[in-house]
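Supplied in structure tokens, the structure appears directly below.
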Amino acid sequence: MWYHGQFATVNSTAQNQAPFACVYGRGDFGRPRRVFRVVPQPAGHTADESALWGPMPYTPIASAAASTVASAAAVAAQDLKVEAPPKAELGDFAIGCFAAAKAQRKSPAVLAAEIAASFAPSQWLASATATGPFVNFRAARPAAFRWVVTAALTDQLLPRALGAGQTICIDYSSPNISKSLAYHHIRSTVIGHSLVQIFRALGYRTVGINHLGDWGTTHGMLIAGAKLWPEALPEPVDVAALGALYQRYRKEMETDPKLEDLARQWFGRLERGDAEARAMWQRFRDISWAEFETVYQQLGITFDEVRGESAYEAAMPGVLEEMAQKGLSKESEGALVIELPGEKAPLLLKTKDGTTLYATRDLAAAQYRWTTYHFTRSLYVVDRGQALHFRQLFAALGLAGHEWASRCEHVPFGLVRLGGKKTGTRAGNVVLLKEVFADATDDVTPRIAENQAQLPPEQVAETARMVGIGAVVFANLVTQREKDVDFTWEKVVSLDGDSGPYLQYSHARCASILRKAGWTSSNVEAAAEAEQLDFSRLAHDAEWAVARRLLDFPEIVARAAQSCEPHGICHYLLDLAGDFSRWYTAGNGDATLRVLCDDEDTRRVRLMLTAAVRATMARGLGLLGMGAPDAM
RNA sequence: GCGCGCGUAGCUCAGUUGGAUAGAGCGUUGGCCUCCGGAGCCAAAGGUCGCAGGUUCGACUCCUGCCGCGCGCACCA
């Protein structure tokens, strides 16, 4: 379904093309090109502008600005981009008149001047001035303060209708069993978890899926290894021992080719349901999951579906039959493959030994997810090294005639390097996730214990976990997904400047002020009170800067969802924390500027604004998968 | 070789989908508190946005070609 002639360039992740316009998972392989974007209309969802993507006004103030220009210039409000002027002195909201002026055969500056000249103040807007081709609007501050504070306190700042009736599947984390969760697993885990929170906050139904790597020849190696060298797995068996066994097997395989056959044999027995193979595999899987779960608990992650590759075993014959029936699969060099137009390498369905492969199981999994969830988008948060796999996978689904193949998206992220080298279990270059968390937590513990001497030790420990792990999570979300990151302890546990703890600190400061003020009302009660308050008492520019920032929250989150890029939220929260800190610091030299000032009415609205910041910061941190401590 | 991605301050990164004088943090230098929490705030210095063309009113952003770095290229997942 098209919407309002609003087109966009497909970026690296968003690719909602019409069926068969491009069956590949990612919109632009080859050179990026301009295409028309089509928003798929989910079943049972009526056309409604709230369901549309893209830059659009999410607040009544921005909406009013857009309508003003739209009616004066005879263009659709939806086609106008409302942005922030580069400097706050210029105004609160800016609209460029380029396109509208062209349609009217006027110069943008002339049109802007005309619009500004005919402007009349309204409920939301106080003034409009033309600066070159831009019309810069100033908000009616008291009304804007009241609106944003109320919305923030009642958790209505985010457009929750955006995802109504739509489902997003998110495949993330998805580690292989019998290997420790190492630092390079964290990006998929943390990005995916954040995306789940983001989509959910926008009203989507989300399905977080942990597609465990629990099937394949690898597991034949483990069984074979355990049989050959039982002493390698002393009780109690843990994941580290299983990982070491796997490493050993691979190493010995290099010199002893028979081991490869042996592993294949064991996997073959596993596939055929051999009782001994099955029992050993199940045990390794249970041991692995128990350990994974402790890490997920630390991160506050629960999955809607933990369904490993093994779960699709029964679906394999059906997949193979479908591909054969549609004439897509053929034998090549002893293996069963699907050849793809424009691709040099085919997609492999079966080895020459007849065992199924990663891709076969992914085909079945994709199919399962479609029939089970009828998703609007099905996301795979997997490192960029697997881009080819997903491109081929989605292409094969498209060739098989599944129109929903175009709803599948690979959400790639860059490599994690360690000492400049690629990390990975196979390369043996790993740092364990639980160790990183433990170290980060230890790092912050003394400072919290010192700052919060009144807290009982267990609460200090809990806060330290929240802050330490939060630092690690934030460090992994703050850069664009596709950039490679080099792991360094300093960066990951950084506490100053642009860091997770800085955000949590500003949240704790808000909480501290509210505590000190004896603020006991719930957010909802406070919002009800906002109706009666005099927001014109908030007269300082530093206070307005905070409120102006809050108004940006909905668009930031919507954009993060569209592009599957949580990092915009990180930077937004840093800006919000900065605005709050500047306001806060203004009170250092001047007691009348403090939240807890003498004037009763002023204090009341300042507390209200502080509560709104606290609520938004907590909400934002939640979207990143981080905790928001009240004291630290 | 082919494909994909990245290249912005000394370092690590943003840059509102083509708009106004390219912004933060770290580091460096210098300031701010008898302070509602200094994990803070302010200021200075620091830039040929890899290079060269092109598209147009306008390019860090789009196109072409180079250069550099990384990753991926059939029976692993």
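Reminder, nothing fancy here: chain letters follow the sequence lines and each chain counts from 1. Keep in mind it's a predicted model, so treat the numbers as computed, not measured.
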With rounding to whole Å, what would you report as the distance between B:C63 and B:G70 at their C1' atoms?
->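 My reading of the C1' atoms in B:C63 and B:G70 gives 24 Å.
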Using the C1' atom on both, measure B:G19 against B:U12 and round to a whole Å.
->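 Rounded to whole Å, the distance is 28 Å.
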Does A:Arg384 make a side-chain N or O approach to OP1 or OP2 of B:G70 shorter than 4.0 Å?
->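 For B:G70, neither OP1 nor OP2 has a side-chain N or O of A:Arg384 closer than 4.0 Å.
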Is there a donor-acceptor contact under 3.5 Å linking the side chains of A:Ser173 and A:Asn210?
->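 Checked: A:Ser173/A:Asn210 side chains show no N/O donor-acceptor pair below 3.5 Å.
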Expressed in angstrom and rounded to an integer, what is the separation of A:Asp541 atom CG from B:C41 atom P?
->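 It works out to 18 Å between those atoms.
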Are A:Arg264 and A:Glu260 close enough for a salt bridge, meaning some N to O gap below 4.0 Å?
->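 A salt bridge is present here (some side-chain N lies under 4.0 Å from a carboxylate O).
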For A:Tyr505 and B:G37, do the ring centres fall under 5.5 Å apart while the planes stay under 30° apart?
->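 Per 5.5 Å and 30° rule: no stacking.
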Would you kindly give the CE-to-P distance between A:Met632 and B:G38, to the nearest whole Å?
->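 Atom CE in A:Met632 sits about 13 Å away from atom P in B:G38.
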Do the side-chain N or O atoms of A:Ser512 get closer than 4.0 angstrom to the phosphate oxygens (OP1, OP2) of B:G37?
->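 For B:G37, OP1/OP2 do have a side-chain N/O of A:Ser512 under 4.0 Å.
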Should A:Lys483 be listed as having a side-chain N or O under 4.0 Å from OP1 or OP2 of B:G7?
->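 It does, given that an N or O in the side chain of A:Lys483 lies less than 4.0 Å from OP1 or OP2 of B:G7.
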Checking all strands, does A:Ala586 fall into the base, sugar-phosphate, or nothing category for heavy-atom contacts under 4.0 angstrom?
->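 No contact.
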Please state whether the base of B:A74 and the side chain of A:Ser332 form at least one donor-acceptor pair under 3.5 Å?
->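 Side chain to base: pair present.
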Describe the nucleic acid contact of A:Asp552 in one word from base, sugar-phosphate, nothing, applying a heavy-atom distance below 4.0 Å.
->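 The answer is nothing, as A:Asp552 stays clear of every strand by at least 4.0 Å.
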Any A:Lys516 side-chain nitrogen or oxygen under 4.0 Å from OP1 or OP2 of B:G37 =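 So the side chain of A:Lys516 is within the cut-off, an N or O lying under 4.0 Å from OP1 or OP2 of B:G37.
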Report the distance from atom CD of A:Glu331 to atom P of B:A74, rounded to the nearest whole Å.
->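 My rounded result for the distance is 19 Å.
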Which part of the nucleic acid does A:Asn136 contact within heavy-atom distance under 4.0 Å: base, sugar-phosphate only, or nothing?
->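 Counting heavy atoms under 4.0 Å across all strands, the contact made by A:Asn136 includes a base.
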Can B:U16 be described as syn, meaning its chi torsion is within 90° of 0, or is it anti?
->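 In terms of base orientation relative to the sugar, B:U16 is anti.
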Could you state the CG-P distance from A:Leu363 to B:A77, rounded to the nearest angstrom?
->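 Between P of B:A77 and CG of A:Leu363: 14 Å.
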Could you let me know what B:G40 is paired to, Watson-Crick or G-U wobble, both distances under 3.5 Å, or none if it's on its own?
->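 In the structure as shown, B:G40 has B:C32 as its Watson-Crick or wobble partner.
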Verify whether one side chain among A:His211 and A:Arg307 offers a donor that lies under 3.5 Å from an acceptor in the other.
->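 Result is no, nothing qualifies.
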CG (A:Asp590) with more than 12 external heavy atoms under 6.0 Å |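 Enclosed: over 12 neighbouring heavy atoms sit under 6.0 Å from CG of A:Asp590.
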Consider only side-chain N and O atoms of A:Arg361 and A:Thr356, and report whether a donor and an acceptor are under 3.5 Å apart.
->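 A pair is found: one side chain offers a donor N or O, the other an acceptor, under 3.5 Å apart.
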Please state how far atom CZ in A:Phe413 lies from atom P in B:G72, giving the value in whole angstrom units.
->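 Rounded to whole Å, this separation is 13 Å.
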To the nearest angstrom, how far is A:Arg594 atom CZ from B:G40 atom C1'?
->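 Going from CZ in A:Arg594 over to C1' in B:G40 covers 14 Å.
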Donor-acceptor pair under 3.5 Å, A:Thr585 side chain vs B:G40 base =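 Looking at the base of B:G40, it does not pair with any donor or acceptor on the side chain of A:Thr585 (distance under 3.5 Å).
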Under 4.0 angstrom, heavy atoms only, what part of the nucleic acid is A:Arg447 near: base, sugar-phosphate, or nothing?
->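 Since a base atom lies under 4.0 Å of A:Arg447, the category is base.
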Could you check how far CG of A:Asp498 sits from P of B:U12, rounded to whole Å?
->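 The distance from CG of A:Asp498 to P of B:U12 comes to 15 Å, rounded to the nearest Å.
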So, for A:Met632 and A:Gln504, which heavy atoms are closest and what is the spacing to 0.1 Å?
->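 Closest heavy-atom pair between A:Met632 and A:Gln504: SD-C, 3.5 Å.
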For B:A44 versus B:C60, give the span between their C1' atoms, rounded off to a whole number of Å.
->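 Roughly 26 Å separates the two C1' atoms.
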Separation of A:Ile569 atom CD1 from B:U16 atom C1', in whole Å?
->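 To the nearest whole Å, that distance equals 14 Å.
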Can A:Tyr584 be said to stack with the base of B:C36, given centres closer than 5.5 angstrom and planes under 30 degrees apart?
->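 It does: the two rings, one from A:Tyr584 and one from B:C36, meet the stacking criterion.
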Mind checking A:Lys344 for me? I need base, sugar-phosphate or nothing, with any heavy atom below 4.0 Å counting as a touch.
->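 Counting heavy atoms under 4.0 Å across all strands, the contact made by A:Lys344 includes a base.
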Given that both distances must come in under 3.5 Å, which nucleotide forms a Watson-Crick or G-U wobble pair with B:G58?
->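 Paired with no nucleotide.
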Paired with B:U21: which nucleotide, if any, by Watson-Crick or G-U wobble criteria at under 3.5 Å for both distances?
->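 Matched B:U21 with nothing under the 3.5 Å cut-off.
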Counting just side-chain N and O atoms, does A:Tyr502 come under 4.0 Å of either OP1 or OP2 of B:C41?
->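 Yes, A:Tyr502 has a side-chain N/O under 4.0 Å of OP1/OP2 on B:C41.
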Is A:Gln504 touching bases, backbone alone, or none of the nucleic acid, heavy atoms closer than 4.0 Å?
->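 It contacts nothing in the nucleic acid.
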Write down the partner of B:U16 under the Watson-Crick or G-U wobble criteria, each distance required to be under 3.5 Å.
->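 For B:U16, the partner nucleotide comes out as none, under the 3.5 Å rule.
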Looking for any heavy atom pair under 4.0 Å, which part of the strands does A:Leu495 touch: base, sugar-phosphate only, or nothing?
->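 Base: the residue A:Leu495, judged by heavy atoms under 4.0 Å, touches a nucleobase.
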Give A:Ala591 one of three labels, base, sugar-phosphate or nothing, depending on what nucleic acid heavy atoms sit under 4.0 Å from its own.
->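 It contacts nothing in the nucleic acid.
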Tell me what A:Gly587 touches on the nucleic acid: a base, only sugar-phosphate, or nothing, going by heavy atoms under 4.0 Å.
->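 Since a base atom lies under 4.0 Å of A:Gly587, the category is base.
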Among B:C73, B:A20, B:G15, the one nearest A:Gln480 by side-chain distance =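 Ranking B:C73, B:A20, B:G15 by closest atom to the A:Gln480 side chain puts B:G15 first.
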Scan every strand shown for a Watson-Crick or G-U wobble partner of B:G46, both distances under 3.5 Å, and answer none if you come up empty.
->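 The base-pairing partner of B:G46, which may sit in any strand shown, does not exist here.
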Can you tell me, in whole Å, how much space there is between the C1' of B:G47 and that of B:A14?
->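 B:G47 and B:A14 have their C1' atoms separated by 15 Å.
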For A:Phe98 and for A:Asn588, locate the closest nucleotide of RNA chain B by heavy-atom distance; then report the residue assigned to the nucleotide nearer the 5' terminus.
->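 Going by which nucleotide is closer to the 5' end, it is A:Phe98.
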Does a side-chain N or O from A:His410 land closer than 4.0 Å to OP1 or OP2 of B:G72, or not?
->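 A:His410 to B:G72 OP1/OP2: no side-chain N or O under 4.0 Å.
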Under 4.0 Å between a Lys/Arg side-chain N and an Asp/Glu carboxylate O for A:Arg604 and A:Glu600?
->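 Here A:Arg604 does not pair with A:Glu600 in a salt bridge, since their nearest N and O are not under 4.0 Å apart.
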Return the nucleotide paired to B:G5: Watson-Crick means purine N1 to pyrimidine N3 with N6-O4 or O6-N4, wobble means G-U with N1-O2 and O6-N3, both under 3.5 Å.
->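 Matched B:G5 with B:C69 under the 3.5 Å cut-off.
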Given B:C42, is OP1 or OP2 found less than 4.0 Å from the side-chain N or O atoms of A:Arg582?
->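 Affirmative; the distance criterion is met.
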Among B:G37, B:A24, B:A77, which nucleotide sits nearest the side chain of A:Ile513?
->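 Minimum distance to the A:Ile513 side chain belongs to B:G37.
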Please determine, by modelled atom types, if A:Arg549 and A:Tyr572 share a side-chain donor-acceptor pair under 3.5 angstrom.
->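 No donor-acceptor contact under 3.5 Å links the two side chains.
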